[in-house]
Amino acid sequence: MRSLLNRTLRPDIDGLKKSGTYRTLKTIAGPVDTTVFIDGKEVILLSSNNYLGLTNHPRLKEAATFAVRDYGTGACASRLIAGNLAIHEDLEKRIASFKGSRAAVVFSTGYMANIGLITSLAGEDDLIVSDELNHASIVDGCMLSKAEVKVYPHKNVEELKRLLSQGRSASAQATYRRRVIVTDGVFSMDGDIAPLPEILEVAEEHHSIVIVDDAHATGVLGENGKGTLEHFGLENENIIQIGTFSKALGSLGGYVAGPDVIVEYLKNKARGFIYSTALPPSVCAASIAALDTVEKEPWIRGRLWENVARFKRGLTALGYDIRATQTQIIPIVIGDTSLTMEFAEAIFEEGIYAPGIRPPTVPEGKSRIRATPMASHTDEQIDKALAVFESEGKRLGII
Ligand SMILES: Cc1ncc(COP(=O)(O)O)c(C=O)c1O
């Protein structure tokens with residue numbers, strides 16, 4: 001007899017298979033480097049968020065190793081009980097100063113940072129206005145918050161303004177307690193940058209709090225890699241910046257950086273901070289070493305931008321649609337989901353790993369390969385990827 005779980009779950013799984021949205025895992029043997037072994041096959045990795053290649057940097061590895069020796073492998077309690085190690089506070093001070101903020105608090109992941117921040121800041125009496133292409137963790141935070149959520153068309157500041165100036169719907173109260181604008185700094189699937197200066201103007205006009213998710217900008221954007229604010233030459237201690245150590249910084253963990261009061265508030269309100277075990281010390285040590293590396297070795301970021309430019313130039317010459325990307329995230333939009341998945345499989349067979357991204361991660365009809373060159377790729381690896389994109393794109397009639 002089929003088990004209860006099988007009876008109730010199998011039809012949903014079959015539905016995913018039928019709709020072409022069923023997901024499977026590919027197993028990487030060994031470290032996340034410019035080439036990896038998948039199913040015994042060596043392929044060029046072109047889809048990691050290890051943008052600066054830091055996950056293999058000796059400084060990070062050494063820092064993590066020493067931390068294991070000095071502190072052991074886990075914190076084994078939440079920060080408010082018995083898990084608050086000196087290294088957590090060191091990391092918070094370090095990320096706050098790197099981001100130009102007064103204070104910071106770390107969470108287990110960037111996902112948890114968004115959920116914790118948004119659900120603490122906004123509730124029933126509040127309004128959140130969110131860009132339509134914001135990351136899933138922002139969307140989930142909005143849903144869980146119980147606030148009224150309005151979504152504005154991608155980067156459309158006029159519409160953002162209009163939504164903020166609307167009165168409160170279906171409530172005895174005429175105004176909201178708080179208005180919160182939330183946007184990715186660099187959009188995770190399109191690689192374009194939020195119009196932060198204009199958003200800040202609108203926020204000022206409408207007395208709104210601004211949250212910028214700098215997950216894909218930290219370590220990468222701006223002269224010193226500090227992120228979206230630095231990219232625009234902005235200094236603003238009142239903006240709340242969230243981010244993650246798990247992408248360009250090659251480690252793990254999320255952070256919220258901003259004024260002292262938001263950090264004090266989150267330590268008291270954010271359930272993901274209060275009811276979850278603190279990060280392992282080795283992870284904090286690696287993150288601190290990553291920030292040191294971003295500051296001490298700016299050439300790594302320079303190398304990333306060279307690779308990005310080389311790859312984008314090649315793709316554009318081949319006739320690919322790479323949208324309006326401004327960063328290291330390069331969407332190669334194919335549109336049709338099954339053709340995108342076929343193309344991803346074809347380039348994998350030819351030695352390039354950059355999986356297809358399809359709905360619900362991206363909108364219907366906008367399936368794509370999300371390619372992300374790393375600082376550590378060689379020119380030869382970028383050129384090999386371009387050659388494969390050319391041969392397979394032509395074979396499948398994409399270009
Ligand atoms: C924009 C954005 N925010 C937040 C996250 C979540 O970060 P983490 O992977 O550390 O949970 C991601 C990455 O998945 C992201 O792309």
Side-chain angles (χ1 to χ4, degrees), residues 23 25 32 47-52 54-55 60 91-92 95 99 104-119 121 128 130-145 151 154-155 180-194 196 199 210-221 227-229 231 239-258 266 270-273 276-280 283-284 286-287 290-291 325-331 355 357 360-363 368 370-372 374:
R23 299 168 193 256
L25 295 169
V32 175
S47 49
S48 175
N49 299 320
N50 182 20
Y51 303 127
L52 300 175
L54 294 193
T55 198
L60 274 74
L91 176 59
E92 287 172 342
I95 187 68
K99 298 297 288 181
V105 53
V106 296
F107 288 76
S108 312
T109 63
Y111 185 94
M112 292 301 297
N114 263 330
I115 302 284
L117 170 64
I118 297 170
T119 57
L121 205 55
I128 305 175
S130 171
D131 187 289
E132 67 175 331
L133 294 190
N134 278 344
H135 186 256
S137 53
I138 294 178
V139 175
D140 293 0
C142 291
M143 279 192 311
L144 290 169
S145 72
V151 174
H154 185 46
K155 302 208 301 192
V180 180
I181 303 171
V182 58
T183 181
D184 279 8
V186 170
F187 288 88
S188 59
M189 292 296 142
D190 287 64
D192 53 347
I193 302 173
L196 206 49
I199 290 176
V210 177
I211 302 174
V212 181
D213 180 339
D214 247 2
H216 297 278
T218 301
V220 172
L221 275 199
T228 308
L229 267 75
H231 168 80
I239 296 181
I240 303 174
Q241 301 179 69
I242 90 105
T244 176
F245 297 101
S246 68
K247 301 189 193 297
L249 300 177
S251 177
L252 178 78
Y255 62 84
V256 177
L266 291 177
R271 296 171 67 83
F273 177 84
S276 190
T277 296
L279 282 168
V283 163
C284 299
S287 298
L291 292 169
T325 173
Q326 297 166 271
T327 64
Q328 75 286 1
I329 297 172
I330 306 177
I357 310 282
T361 308
V362 293
R368 67 195 63 186
R370 175 185 180 275
T372 49
M374 294 186 268

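All ligand and atom numbering here is 1-based and tracks the order in the structure. This chain uses plain numbering: 1 for the first residue, then up along the sequence. Atoms considered below: every heavy atom in the structure, side chains included; atoms not considered: hydrogens, waters and symmetry mates.
Within the 3.5 Å criterion, the main-chain N or O of V283 finds a donor-acceptor partner in the side chain of S251.
Legend: residues meeting salt bridge (charged side-chain N to carboxylate O under 4.0 Å, His left out) with K99, ordered by chain and number and at least two apart, are D214. Every residue meeting the ring pair (Phe, Tyr, Trp, His ring centres under 6.0 Å) condition with H154, not counting sequence neighbours, appears here in chain and number order: F187. In this view, D131 satisfies the salt bridge (charged side-chain N to carboxylate O under 4.0 Å, His left out) rule with no residue, not counting sequence neighbours.
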For each nitrogen or oxygen atom of ligand 1, which protein N/O atoms lie closer than 3.5 Å, and how far apart are they, rounded to 0.1 Å?
from: ligand 1; atom 1: 3 (N); to: D213; atom 2: OD1; distance (Å): 3.4
from: ligand 1; atom 1: 3 (N); to: D213; atom 2: OD2; distance (Å): 2.6
from: ligand 1; atom 1: 10 (O); to: G110; atom 2: N; distance (Å): 2.8
from: ligand 1; atom 1: 10 (O); to: T244; atom 2: OG1; distance (Å): 2.6
from: ligand 1; atom 1: 10 (O); to: S246; atom 2: OG; distance (Å): 3.2
from: ligand 1; atom 1: 11 (O); to: G110; atom 2: N; distance (Å): 3.2
from: ligand 1; atom 1: 11 (O); to: Y111; atom 2: N; distance (Å): 2.9
from: ligand 1; atom 1: 14 (O); to: H135; atom 2: NE2; distance (Å): 3.3
from: ligand 1; atom 1: 14 (O); to: K247; atom 2: NZ; distance (Å): 3.0
from: ligand 1; atom 1: 16 (O); to: H216; atom 2: NE2; distance (Å): 2.5

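The residues K155 and D184 are annotated as not salt-bridged, no charged nitrogen and carboxylate oxygen being separated by less than 4.0 angstrom.
Aromatic ring centroids of Y255 and F107 lie 6.0 Å or more apart.
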